[in-house]
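These notes are about the structure you will find just below.
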Amino acid sequence: MHIVIMGCGRVGSTLAHILEDKGHSVAVIDQNPEAFRKLRAGFRGRRVTGFGFDRDVIAEAGIEKASAFVAVSSGDNSNIISARVARETFGVDNVVARIYDPRRAEVYQRLGIPTVATVRWTADQILRRLLPEGAEPLWRDPTGEVVLAEVETGTRWVGEQVAELEDAAGTRVAFLTRMGDALVPKGSTVIQDGDIVHVVAHAGELERINAAVAARTEGGA
């Protein structure tokens, strides 16, 4: 694929290198030509100086043949405007914008533009390291309403089927981590000692889900 990246900071340059290593063609846009120094000496992609929301600049980067556009500059406004130009003017379906303000990210997500709200994500990662395991979700969508989280199952769920845990907790098990490997379970999958259970649920349901699972963990049937 051909992929256009707006912003040649640490994130943009890292993405450019990874995508090129995977065999994709890449064009990087940045208003500051000095930013391209972050690209390795052997980078074969295109370097375009200018603003990603400028139609001539984005066209020079090959947006008309691009399969994806990524906006990861340091400005929310620039990222979202560029993403809209790529999608609405040039018809690129696969568009992602980095947004620092989680409230704005939610708005744009509802407009159909996938966003990465870096402040919310960073805060979640820090909280996961500060608080007890399972206290904070592994992932949440930009609206903050849907989360992926671990639940503490204890040993009393060992030998029980996933379907039974789902019925007791009123939720869906997304996957298990078993001896370091991820496993997408069936309802009949039996929980083994050491399994880590991950559920997808509405954020407001986590407390209830943990309580329901803990009731069995503490000896409730």
Side-chain angles (χ1 to χ4, degrees), residues 1 10-11 14-15 17-19 21-24 68 70 72 94 96-103 105-110 112-221:
M1 297 192 300
R10 285 175 292 182
V11 174
T14 299
L15 281 172
H17 294 153
I18 292 172
L19 289 167
D21 288 343
K22 290 181 177 293
H24 303 294
V70 183
V72 288
N94 194 2
V96 180
R98 177 174 67 178
I99 304 295
Y100 285 92
D101 185 342
R103 292 170 298 180
E106 178 180 347
V107 172
Y108 294 124
Q109 186 81 11
R110 289 175 177 172
I113 298 177
T115 60
V116 178
T118 56
V119 173
R120 176 74 261 183
W121 183 87
T122 302
D124 282 346
Q125 298 306 304
I126 291 173
L127 287 170
R128 282 192 53 77
R129 287 159 176 77
L130 292 176
L131 301 177
E133 186 174 339
E136 281 297 308
L138 295 165
W139 170 90
R140 69 175 73 227
D141 80 309
T143 70
E145 295 180 1
V146 179
V147 297
L148 172 68
E150 296 177 13
V151 293
E152 178 58 47
T153 56
T155 59
R156 289 186 178 271
W157 283 100
V158 173
E160 304 293 345
Q161 293 186 351
V162 165
E164 185 174 349
L165 186 148
E166 290 178 330
D167 288 343
T171 191
R172 295 295 302 273
V173 173
F175 68 97
L176 306 176
T177 301
R178 177 173 294 173
M179 299 182 68
D181 294 325
L183 168 67
V184 178
K186 299 179 180 179
S188 58
T189 299
V190 175
I191 298 171
Q192 298 181 10
D193 189 21
D195 282 356
I196 301 173
V197 178
H198 308 267
V199 301
V200 174
H202 286 283
E205 289 282 283
L206 280 184
E207 186 174 347
R208 180 196 61 76
I209 291 168
N210 278 310
V213 175
R216 174 62 176 267
T217 303
E218 293 166 2

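Heavy-atom minimum distance, A182 versus F175: CB-CD1, 4.2 Å. L206 approaches A149 most closely through the heavy-atom pair CD2-CB, 3.8 Å. Contact record, A168 with A212: O-CB, 3.6 Å, taken as the closest heavy-atom pair. When every heavy atom of V213 is checked against every heavy atom of T153, the shortest pair comes out as CG1-CA, 3.9 Å. Shortest non-hydrogen contact noted between A201 and I209 is CB-CD1, 3.5 Å.
In this structure, R208 contributes its side chain and A169 its backbone to a donor-acceptor pair below 3.5 Å. H202 places no side-chain N or O within 3.5 Å of a backbone atom of V146 that could act as its donor or acceptor partner. Checked by atom type and distance alone, the side chain of T171 never pairs as donor or acceptor with a backbone atom of V199 at under 3.5 Å. Side-chain atoms of D195 come within 3.5 Å of backbone atoms of Q192 as a donor-acceptor pair (strictly under, hydrogens ignored).
Partners of D21 according to the salt bridge (Lys or Arg N to Asp or Glu O under 4.0 Å) rule, which considers only residues two or more places apart in sequence or in another chain, are R40. Looking at residues two or more places apart in sequence or on another chain, you find a side chain to side chain donor-acceptor pair (under 3.5 Å) between E164 and R216. Shown here are the side chain to side chain donor-acceptor pair (under 3.5 Å) partners of H198, two or more places apart in sequence or in another chain: T177.
Rounded to the nearest 0.5 angstrom, I191 CD1 and R178 CZ are separated by 8.5 Å. Rounding to the nearest 0.5 angstrom, the gap separating the CG atom in L165 from the OG1 atom in T189 is 12.0 Å. Taken to the nearest 0.5 Å, the NE2 atom of H17 stands 15.0 Å off from the NZ atom of K22. Between the CG atom in L176 and the CD atom in E150 there is a gap of 11.5 Å [rounded to 0.5 Å]. Here the CD-CG distance, from Q161 to D167, works out to 10.0 Å after rounding to the nearest 0.5 Å. Residue W157 holds its CH2 atom at 15.5 Å from CG of D193, rounded to the nearest 0.5 Å.
With a 4.5 Å cut-off on side-chain heavy atoms, V200 and V147 do not count as touching.
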